2 protein chains.
Amino acid sequence: MNRSSHLDETQLLKHISLDCVVFGFHDSQLKVLLLRMKRTKDWALPGGFVLLDESIEIAASRVLRERTGLDHIFLKQFKVFSSPDRSNTNPGVQDLLDSGAIDDSSWFNQRFISVGFYALVDFSKAEPTPDLFSDLCHWKSLEDIDLLILDHNQILDKALETLRLQLNYQPIGYNLLPDRFTMPELQKLYETILGKELDRRNFQRKMLSYDILCKLEERKTGGAHKAPFLYEFNLENYGKALKHGFNGGW
Amino acid sequence: MNRSSHLDETQLLKHISLDCVVFGFHDSQLKVLLLRMKRTKDWALPGGFVLLDESIEIAASRVLRERTGLDHIFLKQFKVFSSPDRSNTNPGVQDLLDSGAIDDSSWFNQRFISVGFYALVDFSKAEPTPDLFSDLCHWKSLEDIDLLILDHNQILDKALETLRLQLNYQPIGYNLLPDRFTMPELQKLYETILGKELDRRNFQRKMLSYDILCKLEERKTGGAHKAPFLYEFNLENYGKALKHGFNGGW
DNA sequence: TTATTATTGTGTCATAAAGACGCAATAATT
DNA sequence: AATTATTGCGTCTTTATGACACAATAATAA
């Protein structure tokens, strides 16, 4: 999908699509970017197709640029969804066609194999923007999400599972938090992703041991209690940690 | 690809292929299954295409069944390779066409996005079998592999990287070793995958702590020295470990 | 202005995991 | 029967994790 008002199918690779699970963090909640389909009002993950001269990664970052206004988003493939009947589950392609939500049946009627990506973005910087087929683009809290079109619930679940796994061997936060943040904020992010509470003091000890944080002189005032220090990521070490991973194991 | 003598392109999903990095373990070495192209004698990873009614996983297991004679192989997607010029690297599609290695130019001339899988198989049980386009199917030691067609070197490297990562949070061995094995054999497998030596006693302690092994009464005789005990995997716990993973971290 | 309150900064102690290494037992070979 | 390389099992030290104590403090309430 591009910014123009219609799909130029001749420029797209057939049978291949991509879907993005875009995570943001706000009000101590994990949010996901969703689109509402114009006519059926069904909700869907942002997605798109691959131009003839694009890699799938380039296509995904183009789609995300269109949906969020952001460039250089953290983006990772996590699974290919290819069940031959994936277009017939939940509100499926036939429902969308029947309802008129999709007017270009020849393109959408083909079988698609979809590459799932998850993305981590700074909630405060993204500007949610609908695509050609949707009238709304919104952040939704995980618990507020029910039925999505096609196999998008499955895609979302798998993305979350992958994100939780990633937490165990890679640093997270740089892409989801503002540049400067407090230790409690970082901890809350981890707790939200994991879905469980962590000990404040042990969390800080472990996080500091990774050597990816810079403690600033400044504190974050305005809260109702003792002002916590601000931190920022040490990008050099953060990058190394991303590359090499924590928890070697062996 | 199927067992018949030609490709029935009408039954295949266009633009989509899959490539498998099949790992085996033999003589204390990690091996990978490779095909030699009929005319160019270039080496390639086993791969194939997706039938109209198949998921990509089903297609991959079909391909592996054809290449190894084995069913229910451990198989995992690890990355999609989609660079628009991937068919023009190394010995690329054009070279294959020029040399006559491929006679069906209309099918192979399209752009493919390839889903990379890695597989773990019991070396002793597999029966390497060439496909339509190859005259040899062989196990090759990692260090003996040089230039492969297309982006297959890149695919192989990424598979190995993924396998090493997997070692840190999942059990490995059931798919690569015979049913009964000794602790030194299991250790050697880990050392080979990781490319480094491990302390014998610490390895055993850690491995036993996972509670996925059953120590048998019997020992493996025939070696030149003290006979080591035989072990087998406790499949129930092994399955749980696969599902839940080691090294929680948080 | 002072007391209150919830939260933050820092530290301790007990337990568990990981790393380094010692030594006797033993299966085939000399 | 002695030799040799390897295995089984253990110890000691260091590091990481889990659970919790207590003083400091920023906004708010009295």
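Computed from a prediction, not measured in an experiment: that's the story for all the values here. Sequence lines set the chain letters: A, B, ... in the order given, protein chains first and strands last, and positions in each chain run from 1.
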Report summary line: Result for side-chain hydrogen bond (donor to acceptor under 3.5 Å, both in side chains) between B:Y118 and one of B:Q166, B:K76, B:Q77 points to B:Q166
Query raised in the report: Per the atom types in the model, does the base of C:dT8 pair as donor or acceptor with the side chain of A:K226 at under 3.5 Å?
Result: yes
Report summary line: The correct set of residues in residues 191-207 of chain B placing a heavy atom under 4.0 Å from DNA chain C is B:D199, B:R201, B:N202, B:R205, B:K206
Query - Residues that B:K206 engages under salt bridge (charged side-chain N to carboxylate O under 4.0 Å, His left out), provided they are two or more places apart - result: none
Query - Protein-nucleotide distance (A:L216, atom CG; C:dG9, atom C1'), rounded to Å - result: 16 Å
Requested in this report: Just call it for A:K220: base, sugar-phosphate, or nothing, with non-hydrogen atoms closer than 4.0 Å on any strand.
Outcome: nothing
Query - Secondary structure of DNA chain D in dot-bracket form (Watson-Crick or G-U wobble, distances below 3.5 Å, | marking inter-strand pairs) - result: ||||||||||||||||||||||||||||||
Query - Along DNA chain D (nearest heavy atom to each residue), the more 5'-positioned of B:A227 and A:S209 - result: B:A227
Requested in this report: Provide, to the nearest angstrom, the distance between the CD atom belonging to A:E218 and the C1' atom belonging to D:dA26.
Outcome: 15 Å
Query raised in the report: Are A:F123 and A:F25 an aromatic pair by the rule of ring centers under 6.0 Å?
Result: no
Report task. Evaluate the salt bridge (Lys or Arg N to Asp or Glu O under 4.0 Å) criterion for residues A:E191 and A:K196: first the C-alpha distance (whole Å), next the side-chain angles of each, then the deciding distance (0.1 Å), finally the verdict. Result -> CA-CA 5 Å; A:E191 290 178 334; A:K196 70 175 180 189; over 6 Å; no
Query raised in the report: Which whole-number value in Å describes the distance from A:M183 CE to D:dT25 C1'?
Result: 18 Å
For residues 243-250 of chain B, which side-chain N or O atoms pair as donor and acceptor with protein atoms under 3.5 Å away, sequence neighbours left out?
from: B:H244; atom 1: ND1; to: B:K240; atom 2: O; distance (Å): 3.0
from: B:N247; atom 1: ND2; to: B:N168; atom 2: O; distance (Å): 2.7
from: B:W250; atom 1: NE1; to: A:L167; atom 2: O; distance (Å): 3.1

Report task. For A:R200, check salt bridge (charged side-chain N to carboxylate O under 4.0 Å, His left out) against everything at least two apart and list the hits. Result -> none
**Report entry** B:R67 side chain vs B:T129 backbone, donor-acceptor pair below 3.5 Å
**Finding:** yes
Query raised in the report: Short question: side chain of A:N90, backbone of A:L148 - any donor-acceptor pair under 3.5 Å?
Result: yes
Requested in this report: Could you check how far CG of B:L208 sits from C1' of C:dA17, rounded to whole Å?
Outcome: 15 Å
**Report entry** Distance-only side-chain donor-acceptor flag, A:K188 / A:S28, under 3.5 Å
**Finding:** no
Query raised in the report: Within this structure, what is the CZ-to-P distance between A:F229 and C:dG9, rounded to whole angstrom?
Result: 6 Å
Query raised in the report: Quick check: does any side chain N or O of B:D122 sit under 3.5 Å from a backbone N or O of B:N175, one acting as donor and the other as acceptor?
Result: no
Report task. May I have the step-by-step check of ring pair (Phe, Tyr, Trp, His ring centres under 6.0 Å) for B:F181 and B:F233, ending in yes or no? Result -> CA-CA 9 Å; B:F181 53 89; B:F233 286 104; 4.8 Å; yes
Short N/O separations, protein against nucleotides 28-30 of chain C, under 3.5 angstrom:
from: C:dA28; atom 1: OP1; to: B:G222; atom 2: N; distance (Å): 3.1

